[in-house]
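This is a predicted model, so every value here is computed, not measured. The chains referred to below are lettered A, B, ... by the order of the sequence lines, with proteins before strands, and numbering in each begins at 1.
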Amino acid sequence: MPLRLHNTLTRAIEEFVPEDPARVTFYTCGPTVYDDAHIGNFRSFLAADLLRRFIESPLCELRDARGGVSRGPRRVVHVMNITDVGHMTDDAEGGESGEDRMAVAGRRLMEAKKSGTLPAGVTVDPSDPYQIARFYEGRFKEDARRLGLKLALESERDPTLQPRATDHVPGMIRLTSRLIEKGFAYVVGEPGSRVVYFRVRAFPAYGRLSGNTLEKLREGEGGRISRENQSAKEHPADFLLWKEDPRHVMKWESPWGWGYPGWHVECSVMSVAGLIPGAAVGTLTRPDGQALIDLHSGGEDNIFPHHECEIAQSCGAFNADPARGTFARMWFHPRFLLVEGAKMSKSKGNFFTPRDLFARGVEPAALRLELIRTHYRGNANFTLQGLADSQRMIERWRRAAGTTPGAPDPAGAARSPAAAEFLAAFASAMHEDLNVAAAVAAVNSFVGRTEPGVADAPHALRVIDEVLGVLSLERPAESQTGIAVFVGGLAQDASVVAKLDERAAAKRAKDFAKSDAIRDELLRMGFTIKDVAGGRVEVSRA
RNA sequence: GGCCGCGUGGCAGAGUGGACAAAUGCAACGGAUUGCAAAUCCGUUGGGGAAACCCUUCGUCGGUUCGAAUCCGACCGCGGCCUCCA
């Protein structure tokens, strides 16, 4: 049963057939870095991470191009860009309303600096967009590592896996030149205000991914098309590749003057640069009909226009089949995350970032499980109750897994019939369009009927955790005094310890009224306590 | 207005023609344990019946079928996109 996935391009669940099953190429549209990524962003990134981990797992079978089936483990080269150029004008260009996001970020940082809420040791000049971008990029990578995004862990050794748009501008210029040479793009305007547009009518498959057609796009019901910009274009759907604009904060020299690249160009360049060894953007050519990469993912909001435009650029420049509009063999788009049943927004007070939650004592493992355990192709509903459910599941899994999981040993993975059955159920669920909920159910059933620490349960759990990636994550430090064990990252508190000593004395004297009163008092102070082995007391947030 | 995804029990969320009153987890209830809690473990959890069994349920209303949560149509609701740097 080879892996099947929903392909946005065909709107069908189909077998995933990479060019080379031993080296699968995967590109994910990464974050913009003018603010901290929120849990909705991370849901999408974690869905990609889960897919990548499953493909790498010994449990995963893939159909190969000759019709056979190959079994893992295998290597996935996963690249995710950092968009540090896209939203950095110093004014509202094109008649758009609102304020530039990098300016907002700068002001926010300025205020944090003044009020002293910026973390210690951070030096960032809020007037420098590059420094702002680096600041948020660092925070993104930190969050990503804590959540077990494998790519973020790897990119510490190999930074090319997380390329920055600003480092690839020369490639974008070469790609734009190629598109002009091949008739897929044109320049309008006079020196000083030149603009390069992609010519959508030259690319018949434009609209294939999103289900749009050029006719419908012409109607432009979104209401965000600037009339001024439209007049210069051959077709309303033509999109920007380069804009000459000396006022732009971040700008580069190009054959079309000092300016900045279009938003979509970066991904066409960085996907090829990161995934096709030795390929040069200026010379790469693929025969008709051959896709460039195996997998491409991004949030559902990327389907149009971003990925539609990427397809047009990449196929146009590199000569992949323009009639079919391939570029990637499989398009993977996780849906949005709702919070407590509603769209997440700062004004509703239901807006969360991983670091907010970590600061409140949430374990990275619980957040990761909560964000991955629902099917990627439906809207997931994030709730604090769900987060608590995930936490409890993980604790049960940990008991069954024994102590700290080490490296898996796939060869000996299924010694007992129960473990073999469990691994098969897990794999079977994951092969069918990544049915994580069913896979998690298999884990729970297995854990439920397995004695803790017995047989090869720890072993089997290690194998599946290479995919789910929760048990191996860091846990909040415990901090112990003689009597108290502070968990969930809670700092030691002398007044709590004093109360606990008092309570222990009351209990020894069988004065239970007093010991219960102390427990209630601690609860009012915001602490839940629980008697554990050795006469100690575990203290957590209420 | 157009294109796309989704709508399941108190909650989250599987299930896409029969083995379904519907996986799994949580919550709730009963029991073991505990000085009492918490945690853990066992059991129950749509309604009726001791039971074979019967009745009502998978957004709503219709339809196809021997048979529908699952297929078709309409409607309602939720979510995303409809572009040029938001």
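- Remark: rC66(B) base-pairs with rG18(B). Criterion, Watson-Crick or G-U wobble with two distances under 3.5 Å.
- Between rC76(B) and rU24(B), the two P atoms lie 37 Å apart (nearest whole Å).
- You'll find that the side chain of Asn444(A) is closest to rG25(B), out of rG79(B), rC81(B), rG25(B).
- Pair assignment for rU60(B) gives rA74(B), based on Watson-Crick or G-U wobble hydrogen-bonding distances that are each under 3.5 Å.
- The P atoms of rG46(B) and rC36(B) are separated by 31 Å, rounded to the nearest whole Å.
- At a threshold of 4.5 Å between non-hydrogen side-chain atoms, the residues Leu461(A) and Val447(A) count as touching.
- rU40(B) is paired with rA32(B) under the Watson-Crick or G-U wobble criterion, all donor-acceptor distances under 3.5 Å.
- The 5' end of RNA chain B is approached more closely, in terms of each residue's nearest nucleotide, by Gly378(A) than by the other of Gly378(A) and Met393(A).
- Within the 4.0 Å cut-off from OP1 or OP2 of rC6(B), not a single side-chain nitrogen or oxygen of Arg335(A) is found.
- When the P atom of rG5(B) is taken as reference, atom CG of Leu209(A) falls 12 Å away, rounded to whole Å.
- Between rC81(B), rC85(B), rC6(B), one nucleotide has an atom nearer to the side chain of Lys243(A) than all others, and that is rC85(B).
- Of the possible polar contacts, none joining the Arg508(A) side chain to the Arg503(A) backbone as a donor-acceptor pair under 3.5 Å is found.
- Under 3.5 Å, the side chains of Asp84(A) and Tyr130(A) contain no donor-acceptor pair of N or O atoms.
- Leu369(A) places its CG atom 13 Å from the P atom of rG25(B), with the value rounded to the nearest Å.
- Look at the P atom in both rA14(B) and rC6(B): the space between them is 11 Å, to the nearest Å.
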Nucleotides 14-18 of chain B: which of its N/O atoms have a protein N/O under 3.5 Å away?
{"unit_1": "rA14(B)", "atom_1": "OP1", "unit_2": "His375(A)", "atom_2": "N", "d": "3.2"}
{"unit_1": "rA14(B)", "atom_1": "O3'", "unit_2": "Asn435(A)", "atom_2": "ND2", "d": "3.0"}
{"unit_1": "rG15(B)", "atom_1": "OP1", "unit_2": "Asn435(A)", "atom_2": "ND2", "d": "2.8"}

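- For rG25(B) and rU64(B), the C1' atoms lie 37 Å apart once the distance is rounded to whole Å.
- Atom pair Asp301(A):CG and rC4(B):C1' shows a separation of 13 Å (rounding to whole Å applied).
- Rounded to a whole angstrom, the distance from the P atom of rA51(B) to that of rC58(B) is 26 Å.
- A side-chain N or O of His307(A) and one of His333(A) form a donor-acceptor pair less than 3.5 Å apart.
- Going from the P atom of rG18(B) to that of rG13(B) covers 25 Å, rounded to whole Å.
- Nucleotide rG5(B) holds its P atom 11 Å from the CD1 atom of Ile13(A), rounded to whole Å.
- No side-chain N or O of His38(A) forms a donor-acceptor pair with one of Thr353(A) less than 3.5 Å apart.
- Nearest to the side-chain atoms of Asp389(A) among the listed nucleotides rG25(B), rG5(B), rC85(B) stands rG25(B).
- Nucleotide rG10(B) has rC26(B) as its partner under the Watson-Crick or G-U criteria, with both atom distances under 3.5 Å.
- Nearest heavy-atom pair across Glu340(A) and Asn381(A) is N-OD1, 3.2 Å.
- Look at the C1' atom in both rA52(B) and rG48(B): the space between them is 15 Å, to the nearest Å.
- Judged by closest nucleotide on RNA chain B, Ser210(A) is the one of Ser210(A) and Ala441(A) placed further toward the 5' end.
- Gly262(A) comes within 4.0 angstrom of a base, heavy atoms only.
- Under the side chain to side chain contact (heavy atoms under 4.5 Å, CB included) rule, Tyr197(A) has a single partner from Leu241(A), Val188(A), Val187(A), Leu179(A), which is Val188(A).
- Of the listed nucleotides (rU83(B), rC26(B), rC78(B)), rU83(B) has the atom at the smallest distance from the side chain of Ala237(A).
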Kindly determine whether Asn444(A) and Trp397(A) satisfy side chain to side chain donor-acceptor pair (under 3.5 Å), including the steps that lead there. CA-CA 8 Å; Asn444(A) 283 323; Trp397(A) 297 0; 3.0 Å; yes
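- Glu234(A) has a carboxylate O that lies under 4.0 Å from a charged side-chain N of Arg199(A), or vice versa, which qualifies the two as a salt bridge.
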Under a 4.0 Å heavy-atom criterion, the protein footprint on nucleotides 35-42 of chain B, written with B, S and -, is BBBBSSS-
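- Among the nucleotides rC82(B), rG80(B), rC85(B), the one closest to any side-chain atom of Pro305(A) is rC82(B).
- As rounded to the nearest Å, rU60(B) and rA50(B) have P atoms that lie 32 Å from one another.
- Summarising the geometry, atom CG belonging to Leu500(A) is positioned 12.5 Å from atom CZ belonging to Arg536(A); distances are rounded to the nearest 0.5 Å.
- Atom CG in Asn379(A) sits about 16 Å away from atom P in rG59(B), given to the nearest Å.
- Glu266(A) and Asn81(A) share a side-chain donor-acceptor pair at under 3.5 Å.
- Under the 30°/60° scheme for interplanar angles, the aromatic rings of Trp256(A) and Trp242(A) are found to be tilted.
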Would you tabulate the pairs of protein nitrogen or oxygen atoms and nucleotide nitrogen or oxygen atoms of nucleotides 29-34 of chain B closer than 3.5 angstrom?
none

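- Atom P of nucleotide rC85(B) and atom CZ of Phe239(A) are separated by 15 Å, given to the nearest angstrom.
- Separating the CZ atom of Arg208(A) from the C1' atom of rC4(B) is a distance of 16 Å, rounded to the nearest angstrom.
- Across all strands shown, rA52(B) remains unpaired; no Watson-Crick or G-U wobble contact has both distances below 3.5 Å.
- Taking atom CD on Glu300(A) and atom C1' on rC3(B), their separation rounds to 13 Å, with Å as the unit.
- Within the shown strands, rG80(B) is the pairing partner of rC3(B) under the Watson-Crick or G-U definition, both distances less than 3.5 Å.
- At a cut-off of 3.5 Å, with distance as the only test, no side-chain donor of Ser428(A) or Glu432(A) sits close to an acceptor on the other residue.
- A heavy-atom distance below 4.5 Å is not found between the side chains of Ile311(A) and Arg208(A).
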